[in-house]
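Numbering starts at 1 and runs along the sequence shown. Computed from heavy atoms alone, side chains included, the values below leave out hydrogens, waters and symmetry copies.
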Amino acid sequence: MPALTHLIYSSAAIRPFSNEDLVTLLTRARHKNATLGVTGMLLHVDGSFLQVLEGEPESVAAVFQAICADPRHTQIVTIIREPIPRRAFSDWSMGHPQVTPEELAEIDGANDFFTGGACLTRLNQGRAKKLLWAFKEGRWRSRLTGGQTSARREPALPERPPISFAFSPVFDASQDTVLSHEAHLCALDGGPPNAVLAQCATQHDRTRLDMEARVLAIGLAARLGLTTDLTLGLTAHHPHHAGQALRSVLDTATHCGIAPERITIAIDQDRMTGDPAGLASIIQQYRGAGLKICLDHFGSGRSGLNQVEALQPDSIALNEHLVRSIESNGPRQAIVRGIVQTCDDLGIDVIAKHVAAAAEYDWFRAEGITIFQGPLIGPALFETLSHSLQRPAGTSL
């Protein structure tokens, strides 16, 4: 007998769905899921969806991955995922069950399904009605608000700042793959965030925005179907704030189903103040939890070899000044060769960031650098992830 699992999740539509939209959605879902041997049910109430998927684990995972990447809904919350001995909805075949008031009135203990700690492995059609009832009563529901939603997968924010993000790809030339996406703060229309930043009159305002931005960036990347690593900047101005920031990153990534090992924190040392030893201690603590560390803008200001020793990063990203026109600048070449040798000895990846010309790319490739980021590799795309890239045009290596 093949292994079976079921997954129950809730989500919210990004816009109202008409009856015709729902019929189309259900028809396509039923056809696709039938080809994969996935059964279950789908319920829609006031902009919220509740769905049960059951089948072989690989098939259920494939369907759920496609659902997470679907831009028509957000606030995807996994309620439960567990093995089951048999299908509960095989007769329903991804239907859209309608429960009449009379049927609901006959259900005894309708509200004890979740509060009583019932095991969903024992789900049958009677308990399914309780599940529907709980959903209709408002549990596991996310309503539309003004046509938009705030990410329920993220920790609640008192007031969502008017920001969004563009994502720039980090490319591994040795594998021709996208390793990571770095989140860049921008306005809701994709433009510069100048107006938002101008409203941060105090250091407290700037620290709060910095904290909230990472939470929102993780949630957006998850909704976009992130399959690579995610790189987030850290500009906290005190070790205590850095600890709070890293805790919120860890918590949000966990809520969004992103393993800590897929999160890279890019630290700009020149924007840090306070106790360097205290900062290093906090960073090492969260590295132990799985987060990766990158020293950003390496080669400028205080981002030097002493910080490599103190923070022991997983990677360093070269400063733009070192990268620009390096193919014809001997002193920069000598400096970068020294950095690369040190990092090789310590097992630290070197990222050639801000690469804008084919000649720059070719020089770094000839020196053994394989990880790149910058305009030549791929632009930062507003609320979009780059799933595949090719070797930059005009390069020879």
Side-chain angles (χ1 to χ4, degrees), residues 69 165-186 190 214 217-218 220-222 224-234 253 258-268 291-300 303 313-327 332-333 336-337 339-341 343-344 346-397:
F165 299 88
F167 296 91
S168 62
V170 180
F171 180 66
D172 184 348
S174 67
Q175 302 293 328
D176 286 336
T177 59
V178 178
L179 288 180
S180 184
H181 287 87
E182 182 173 4
H184 303 276
L185 183 68
C186 58
R214 276 183 298 274
I218 295 170
L220 175 59
L224 292 173
L226 181 76
T227 58
T228 67
D229 289 357
L230 178 65
T231 301
L232 303 166
L234 178 65
I258 301 174
E261 294 79 7
R262 293 173 56 198
I263 301 291
T264 296
I265 302 298
I267 298 175
D268 185 350
L291 298 179
K292 292 185 287 190
I293 302 299
C294 174
L295 274 181
D296 208 0
H297 307 295
F298 192 83
S300 69
S303 292
D314 299 276
S315 61
I316 61 107
L318 295 174
N319 176 258
E320 183 175 7
H321 177 73
L322 286 176
V323 172
R324 192 62 60 241
S325 302
I326 193 170
E327 76 283 356
R332 291 177 194 166
Q333 292 178 7
V336 169
R337 286 189 180 112
I339 292 172
V340 170
Q341 180 63 62
C343 289
D344 283 347
L346 296 173
I348 297 171
D349 289 329
V350 176
I351 303 171
K353 198 172 181 180
H354 310 290
V355 173
E360 295 167 351
Y361 176 92
D362 284 342
W363 187 89
F364 282 109
R365 285 294 286 123
E367 293 297 316
I369 303 297
T370 62
I371 305 176
F372 293 86
Q373 186 178 1
L376 182 72
I377 304 305
L381 301 177
F382 178 60
E383 296 187 352
T384 302
L385 301 177
S386 303
H387 293 290
S388 62
L389 291 175
Q390 297 179 342
R391 182 168 61 84
T395 58
S396 59
L397 297 176

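- The backbone N or O of T228 sits less than 3.5 Å from a side-chain atom of R262, completing a donor-acceptor pair.
- Residues that satisfy the side-chain contact (heavy atoms from CB on, under 4.5 Å) test with D176, not counting sequence neighbours, are F171.
- Minimum heavy-atom separation, H184 to A380: CD2-CB, 4.0 Å.
- The line from CG of D314 to CD1 of I265 is 11.0 Å long, rounded to the nearest 0.5 Å.
- To the nearest 0.5 Å, the span separating CD1 on I351 from CD1 on I316 amounts to 8.0 Å.
- Contact between G225 and H387 at its shortest, heavy atoms only, is O-CE1, 4.2 Å.
- Taken from CD1 in I369 to OG in S174, the straight-line distance is 11.5 Å, to the nearest 0.5 Å.
- The CG atom of L295 sits 9.0 Å away from atom SG of C343, with the distance rounded to the nearest 0.5 Å.
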- prompt: Hey, mind stepping through L179 and D229 against side-chain contact (heavy atoms from CB on, under 4.5 Å) and telling me if it holds?
  reply: CA-CA 6 Å; L179 288 180; D229 289 357; 5.8 Å; no
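- Here the shortest heavy-atom pairing between E327 and W363 reads CA-CD1, 4.0 Å.
- Of the candidates D296, L232, L230, D296 is the only one forming a side chain to side chain contact (heavy atoms under 4.5 Å, CB included) with E182.
- Under 4.0 Å is where a charged nitrogen must lie from a carboxylate oxygen, and between E360 and R324 at least one such pair does.
- The backbone N or O of N319 lies less than 3.5 Å from no partner atom in the side chain of H354, so there is not a single donor-acceptor pair.
- Between the R332 side chain and the V323 main chain, no donor and acceptor come within less than 3.5 Å of each other.
- Interatomic distance, CD of Q333 versus CZ of F364, reported as 9.0 Å (0.5 Å rounding).
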query: Would S315 and K292 satisfy side-chain contact (heavy atoms from CB on, under 4.5 Å), going step by step from the backbone distance to the final call?
result: CA-CA 8 Å; S315 61; K292 292 185 287 190; over 6 Å; no
field: Residue pair L226, F167: steps toward the side-chain contact (heavy atoms from CB on, under 4.5 Å) verdict
entry: CA-CA 11 Å; L226 181 76; F167 296 91; over 6 Å; no
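- Scanning all heavy atoms of the two residues, the minimum distance from Y361 to A173 falls at OH-CB, 3.3 Å.
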